[in-house]
> 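Below are the structure tokens for one structure; questions will follow.
All values below come from the heavy atoms of this structure, side chains included, with hydrogens, waters and symmetry mates left out. Just so you know, ligand 1 is whichever comes first in the structure, and atom 1 is the first atom listed for that ligand. Being a predicted model, the structure only gives us computed values, none of them experimental.
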Amino acid sequence: MTSERTGFVWTWLPGETSPVPCGMLTEQSNGSLAFQYGRHYLERGDAMALFGLPLAPTRYLSSGYALIPGEVQDAAPDGWGRRVILETTGQHGAVPDNSAGLRELDYLLRSGSDRIGALDVQRSSAEYVPRSPDPATLEQLQRAAELIEEGVPLPAELDRALVHGTSVGGARPKATITVDGQPWMAKFSSSSDHYPVVGAEAASMFLAKKVGIETVDTTVVRSLGKEVILMRRFDRPPDGTRKHVVTALTFLGLDEVSARYGTYPDILEALRTHSDNDPARELFRRVAFNIAIGNTDDHVRNHSAFWNGAALTLTPAYDLSPTSRSGETASQAIAYGRNGERESNLNLLAKHAADMSVTRAEAHDEIDYIVGTIRDNWSEAADFAHLTDTQRSSLWGRQFLNPGALRDR
Ligand SMILES: Nc1ncnc2c1ncn2[C@@H]1O[C@H](COP(=O)(O)OP(=O)(O)OP(=O)(O)O)[C@@H](O)[C@H]1O
Ligand SMILES: [Mg+2]
């Protein structure tokens with residue numbers, strides 16, 4: 001157990017390139033954190049509320065099984081980041097849960113400062129000291145990720161470099177990296193991959209753009225004999241400002257335990273409550289595309305929105321990653337129907353399209369366009385993703401356009 005009891009949340013206000021302190025986190029006896037805005041921050045004319053934490057001198061406690069309240073929840077490292085932190089704090093091979101002796105506050109204070117969104121957590125409210133990793137090459141980051149997966153202790157020079165991987169969520173090995181002076185994200189192959197996961201995600205990003213889903217610039221490079229997917233970060237505009245990002249887990253008010261009860265209609269409703277433009281068609285397109293490419297891991301942390309203090313707007317799509325699949329029956333991670341319908345089938349999705357404010361005719365137009373576009377562009381997408389002939393034929397008809405997704409229902 002450590003002696004850290006408090007931490008300070010720093011935020012990048014809209015249009016600003018450096019952060020200001022906005023509030024304090026206090027550790028509770030169960031390891032959860034309470035948040036309270038600082039008086040100076042509340043007095044600022046330009047103070048922006050973090051999502052779920054209205055500007056008020058209130059002490060916000062986390063609720064349900066959540067350990068961190070509001071938008072700060074999304075700043076905490078996820079599966080991969082926690083693994084790296086445990087490794088780099090000498091807890092070789094430890095499992096990322098509280099039994100390893102680290103609590104939420106420790107993870108927040110030890111992860112890199114270049115985290116997703118526009119928040120950071122610091123030990124002081126007076127001075128901002130970013131936890132910036134040593135510069136590292138793609139090969140060094142990839143090698144370090146491989147060693148962690150193999151359970152081999154990291155050499156010191158790689159240890160520092162890997163802070164790059166702790167500030168980004170998700171379970172798969174990854175790192176933040178600079179490409180032509182701009183922040184990008186690298187996702188690596190994993191030793192546990194039973195099919196070309198990186199290639200399948202790259203092909204999906206290519207196809208998503210073709211069907212009209214908003215995506216970031218993506219490229220595939222070969223490094224240390226394996227493919228690596230590189231994606232431009234959507235939370236870092238080129239002018240050095242940072243965009244606030246909240247996952248659907250947070251904007252639906254869910255925690256890790258209740259996460260599976262989130263639904264697409266809930267996401268739509270939350271976005272509409274906080275936004276002027278209507279995301280119904282874009283969200284429907286993303287569900288249909290996920291079904292068409294066999295991505296059944298479309299959980300609530302794989303959907304996010306930008307937050308500007310008043311409105312939520314969907315971020316570009318990410319983690320469009322076809323899931324391992326053997327047969328023709330599958331289910332989406334969250335339901336698209338009001339009554340829990342989640343079968344990975346496009347005709348059933350069309351039948352329940354009204355639950356997402358899309359008419360049956362619009363749904364069929366969308367689905368026909370997606371299916372047609374995937375068929376027409378598959379070969380180009382597979383080239384883009386460096387897929388071999390064998391990999392293409394094993395993915396086609398299994399993950400991509402599985403007969404079970406297309407069958408009449
Ligand atoms: N292009 C991007 N720009 C900014 N943030 C991103 C981008 N892509 C992903 N993210 C953020 O990084 C997190 C991890 O990314 P991603 O979901 O792709 O990883 P993963 O390890 O495959 O996740 P999972 O655990 O769902 O399998 C996301 O939850 C999202 O917050
Ligand atoms: Mg993810």
> Examine the side chains of Ser191 and Glu150 and answer whether a donor and an acceptor come within less than 3.5 Å of each other.
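Not at all, the side chains of Ser191 and Glu150 share no donor-acceptor pair under 3.5 Å.
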> Numbering the atoms of ligand 1 from 1, which are under 4.0 Å from a heavy atom of Asp297?
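Result: 26 (O), 27 (O).
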> On the 0 to 90° scale, with breaks at 30° and 60°, tag the Phe384-Phe206 ring pair as parallel, tilted or perpendicular.
tilted
> State plainly whether the residues Asp298 and Arg286 are in salt-bridge range, i.e. N to O under 4.0 Å.
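Looking at Asp298 and Arg286, the cut-off is not met.
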> Where on Phe234 is there a heavy atom closer than 4.0 Å to ligand 1, on the side chain, on the backbone, on both, or on neither?
both
> Return the closest protein heavy atom for atom 12 (O) of ligand 1 as residue, atom name and distance.
Val168 CG1, 3.3 Å
> Can you tell which of Val72, Leu50, Asp120 makes a side-chain contact (heavy atoms from CB on, under 4.5 Å) with Thr11?
Leu50
> Only heavy atoms count here, so choose which of Arg172, Arg115, Met185 is nearest to atom 15 (O) of ligand 1.
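Selected option, by shortest heavy-atom distance: Met185.
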> In the protein, what heavy atom is nearest to atom 28 (C) of ligand 1, and what distance, to one decimal place, separates them?
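For this ligand atom, the closest protein heavy atom is Tyr318 CE1, 3.4 Å.
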> Looking only at protein heavy atoms, which one is nearest to atom 5 (N) of ligand 1, and how far off is it?
Ile116 CD1, 3.2 Å
> Can you tell me if Asp74 and Thr250 form a side-chain donor-acceptor pair at under 3.5 Å?
yes
> Name the closest protein heavy atom to atom 19 (O) of ligand 1, giving the residue it belongs to and the distance to 0.1 Å.
Lys174 CE, 3.2 Å
> Heavy atom under 4.0 Å from ligand 1: found in Thr247's side chain, backbone, both, or neither?
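Neither part.
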> I'd like to know if the side chain of Asn290 and the backbone of Asn295 have a donor-acceptor N/O pair within less than 3.5 Å.
no
> Check each atom of ligand 1 against the heavy atoms of Val216 and keep those under 4.0 Å away; list them by number with element.
1 (N)
> Indicate yes or no: does an N/O atom of Arg232 lie under 3.5 Å from an N/O atom of ligand 1?
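Min N/O separation from ligand 1 is below 3.5 Å for Arg232.
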> Please could you name the atoms of ligand 1 that Ala171 approaches to less than 4.0 Å, counting only its heavy atoms?
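So the answer, numbered in order with elements, is 20 (P), 21 (O), 23 (O), 24 (P), 25 (O).
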> Who's the nearest protein heavy-atom neighbour of atom 27 (O) of ligand 1, and how far?
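Here the nearest protein heavy atom works out to Asp319 OD2, 3.4 Å.
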> Considering only heavy atoms, does Asp78 approach ligand 1 within less than 4.0 Å through its side chain, its backbone, both, or neither?
neither
> Specify whether an N/O/S atom of Ser321 falls short of 2.8 Å from the Mg ion (ligand 2).
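It does not: Ser321 brings no N, O or S atom closer than 2.8 Å to the Mg ion (ligand 2).
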> Centres of the His303 and Tyr318 rings: under 6.0 Å?
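So the answer is no for these two rings.
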> Is a donor on one side and an acceptor on the other found under 3.5 Å between the side chain of Glu16 and the backbone of Leu13?
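Checking the backbone N and O of Leu13 against the side chain of Glu16, no donor-acceptor pair under 3.5 Å is found.
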> I need the nearest protein heavy-atom contact for atom 14 (C) of ligand 1: residue, atom name and distance, please.
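Looking only at protein heavy atoms, the one closest to atom 14 (C) of ligand 1 is Gly169 O, 3.1 Å.
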> Distance to the ring centre below 6.0 angstrom and angle to the axis at most 45 degrees; does that hold for Arg123 and Phe8?
no
> Note the single closest protein heavy atom to atom 29 (O) of ligand 1, along with its residue, its atom name and the distance in Å.
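It is Arg301 O, 3.5 Å.
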> Below 30° counts as parallel, above 60° as perpendicular, anything between as tilted: where do the rings of Trp10 and Tyr128 land?
tilted
> To the nearest 0.1 Å, how far is atom 22 (O) of ligand 1 from its closest protein heavy atom, and which atom is that?
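Of every protein heavy atom, Lys187 NZ, 2.8 Å lies nearest to atom 22 (O) of ligand 1.
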> Can you tell if the side chain of Leu348 reaches within under 4.5 Å of the side chain of Tyr336, non-hydrogen atoms only?
yes
> So that I can check it, does any N, O or S atom in Asp297 come closer than 2.8 Å to the Mg ion (ligand 2)?
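Not a single backbone or side-chain N, O or S atom of Asp297 is under 2.8 Å from the Mg ion (ligand 2).
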> Hey, which N, O or S atom on Asp319 ends up closest to the Mg ion (ligand 2)?
OD2
> Heavy-atom contacts with Asn302 under 4.0 Å: which atoms of ligand 1 show up? List them by number with element.
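Within the 4.0 Å cut-off of Asn302, ligand 1 contributes 17 (O), 26 (O).
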> Once rounded to the nearest 0.5 Å, what's the spacing between atom CD1 of Ile68 and atom CG of Leu33?
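With rounding to 0.5 Å, CD1 (Ile68) is 5.5 Å from CG (Leu33).
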